[in-house]
Amino acid sequence: MRADFIASQFAVPGRLLTMRPFGAGNINHTYLGVFRDGMDEQRIIIQEIRREVFPQPERIMHNLRELNTHFYQQLSEVGQSHWRFPEIIKTKTGEDYILEPGGNLWRALTFVEGAHTFEVVQSLEHAHEAGSVLGEFHTLVDNLSTSKMQITLPGFHHTSAYLKKFQDVLNSTTAEETSKTSLATRKAIEFIQRRAHSLDTLEKANVRGELKTSITHGDPKLGNVMIDILTGKGVCLIDLDTVQPGLTPHDFGDAARSICNPAGEESTDVELIDFDCELFQAFYRGYSASATETNLNSIKPFLWSGIHTMTLELGLRFLIDHLEGDVYFKVQQPGQNLHRAWVQFKLTEKIEQKKTEICRLIDET
Ligand code: GN1
Ligand code: MG
């Protein structure tokens with residue numbers, strides 16, 4: 001296995017005992033390596049960053065260095081904190097990563113011990129902790145200048161650019177053929193077309209100067225929230241590859257869409273999809289308790305749109321990938337990206353139906 005060879009290039013004491021695929025990521029290839037040095041055992045994360053998704057993966061490593069330095073500074077100022085984060089493990093020759101000639105980037109990170117992640121929400125407390133971790137993340141990066149962070153994924157949450165791409169893809173022959181053969185595909189296309197006008201609310205607010213650009217996580221879904229195994233408390237956000245300048249309500253919306261759907265985004269039954277307002281209340285209480293008051297007040301008017309936009313945008317991204325032949329999101333079987341799109345579209349419908357209640361919960365805190 002190639003990952004074994006790569007693992008041996010990093011400066012970890014001892015010998016590699018095991019190496020296995022790890023996590024449920026849709027983009028990069030992640031492995032957990034276990035090293036043994038005498039009686040000591042160390043677990044590390046090895047990742048292959050796909051260049052076809054991240055055109056300049058070196059930027060991810062630049063941002064990670066900046067972010068870790070910033071976290072250290074912030075946390076040393078506030079004293080003891082439970083916040084933890086994956087750290088870069090250097091190669092034996094002192095580099096931060098290994099670049100395959102013309103290809104992907106490999107890096108090694110420390111494993112956050114004593115904590116785990118869940119793909120599906122476990123309880124109201126879990127939703128609260130996930131909210132709290134996201135609020136804490138936004139507070140920690142509040143004074144990190146956007147100029148220090150590079151764009152790792154151009155156009156990542158530019159929803160209108162996805163819409164443009166969708167229209168281009170629809171004009172291509174493959175998409176025409178797909179839409180002729182599948183009713184589910186045709187209906188999915190119509191689903192987006194009916195909502196195309198509502199996709200750029202946040203981008204427009206940003207252009208008008210009503211919503212500022214800040215450092216965002218970019219992918220704060222539930223599966224990226226680490227929870228302490230013993231206490232059940234939130235520990236940190238992992239998967240920091242898309243930390244870059246963006247719009248905070250996008251982060252809020254991405255977290256909410258994944259936490260408040262009790263069936264999870266890989267549910268095989270779209271009829272089970274719901275946006276649970278009790279979970280949302282718990283998530284929102286956790287978020288507002290750890291976000292700064294100024295930030296919360298400035299994003300409040302955009303939070304429902306953030307949830308709606310991010311859910312619809314993810315559905316749209318899955319649909320585009322289905323139409324393009326599954327080139328972006330990894331799939332286990334054909335049609336999986338279309339199904340994933342429908343999960344997000346069902347969730348979008350629920351978010352639309354429950355708009356009044358969601359907005360009431362946002363306003364009363
Ligand atoms: C991808 O690779 P992963 O699972 O962390 C995607 C996110 C989606 C998510 C949906 C870089 O994240 O934007 O919300 O799948 N990441 C990228 O599960 O596109
Ligand atoms: Mg990710």
Side-chain angles (χ1 to χ4, degrees), residues 21-31 45 47-57 59-61 63-64 67 85-86 104-105 107 109 112 117-121 130 133-134 137 149-159 161-162 165 216-226 236-247 249-261 263-268 273 306-322 324 326-332 336-348:
F22 187 72
N26 291 327
I27 309 290
N28 296 320
H29 304 300
T30 304
Y31 304 87
I45 293 291
Q47 276 182 314
E48 180 182 18
I49 310 290
R50 284 170 59 206
R51 193 180 282 272
E52 69 244 61
V53 172
F54 293 98
Q56 286 173 281
R59 291 184 168 192
I60 292 181
M61 301 309 286
N63 283 2
L64 194 55
L67 194 64
F85 43 90
N104 295 343
L105 179 149
R107 57 122 185 257
L109 300 173
V112 178
T117 58
F118 299 87
E119 295 306 313
V120 176
V121 71
V133 162
L134 182 63
F137 179 86
M149 301 297 271
Q150 300 180 348
I151 302 289
T152 60
L153 204 46
F156 187 33
H157 290 310
H158 294 179
T159 319
Y162 288 116
K165 185 167 182 194
T216 54
H217 180 281
D219 186 13
K221 62 178 181 182
L222 188 68
N224 286 334
V225 177
M226 292 216 86
C236 64
L237 273 173
I238 51 167
D239 188 3
L240 304 167
D241 304 339
T242 49
V243 175
Q244 60 180 13
L247 304 178
H250 279 155
D251 265 3
F252 182 91
D254 194 53
R257 64 137 198 100
S258 91
I259 293 160
C260 307
N261 164 16
E265 66 182 59
E266 292 292 341
S267 169
T268 49
I273 303 305
I307 306 169
H308 185 252
T309 306
M310 289 308 286
T311 311
L312 198 50
E313 182 196 275
L314 183 59
L316 172 60
R317 293 171 62 205
F318 284 139
L319 178 60
I320 293 173
D321 202 32
H322 173 70
E324 286 199 307
D326 305 322
V327 289
Y328 187 96
F329 294 104
K330 294 190 270 180
V331 289
Q332 280 81 48
Q336 190 174 355
N337 277 322
L338 177 62
H339 182 79
R340 284 170 172 158
W342 269 115
V343 168
Q344 297 306 315
F345 293 161
K346 287 285 166 191
L347 191 58
T348 304

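What you see is a predicted model; the values in this text were computed from it and never measured. We count ligands from 1, going down the list as the structure has it; atoms in each ligand are counted the same way.
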Run through all N or O atoms in ligand 1 and write down each protein N or O closer than 3.5 Å, as a pair with its distance.
residue	atom	partner	partner atom	Å
ligand 1	2 (O)	Asn26	N	3.1
ligand 1	2 (O)	Ile27	N	3.2
ligand 1	4 (O)	Asn26	N	2.9
ligand 1	4 (O)	Lys221	NZ	2.6
ligand 1	5 (O)	Asp219	OD2	2.9
ligand 1	5 (O)	Asp239	OD2	2.8
ligand 1	12 (O)	Asp219	OD2	3.1
ligand 1	13 (O)	Arg317	NH1	2.9
ligand 1	13 (O)	Arg317	NH2	3.4
ligand 1	15 (O)	Asn26	ND2	3.1
ligand 1	18 (O)	Asn26	ND2	2.8
ligand 1	18 (O)	Lys221	NZ	2.8
ligand 1	18 (O)	Glu265	OE2	2.3
ligand 1	19 (O)	Arg317	NH2	2.7
ligand 1	19 (O)	Tyr328	OH	2.6

Does [X] reach the main-chain N or O of [Y] with its side chain, forming a donor-acceptor pair under 3.5 Å?
X: Asp251; Y: Thr216; result: no
X: His217; Y: Ile238; result: yes
X: Arg51; Y: Pro57; result: no

Please say which of Gln56, Arg59, Gln244 ends up in a side-chain contact (heavy atoms from CB on, under 4.5 Å) with Gln150. Arg59
Which of the protein's N, O or S atoms come within less than 2.8 Å of the Mg ion (ligand 2), not counting waters? Asp219 OD2, Asp239 OD2
Rounded at 0.5 Å granularity, tell me how far CG in Leu240 sits from CZ in Phe137. 6.0 Å
Below 4.0 angstrom, N of the basic side chain to O of the carboxylate: do Arg257 and Glu313 qualify? no
Angle between ring planes, His250 versus His157, binned at 30° and 60°: parallel, tilted or perpendicular? tilted
Verify whether one side chain among Gln344 and Thr311 offers a donor that lies under 3.5 Å from an acceptor in the other. no
Beyond-backbone contact of His339 with Val343, side-chain heavy atoms, under 4.5 angstrom: yes
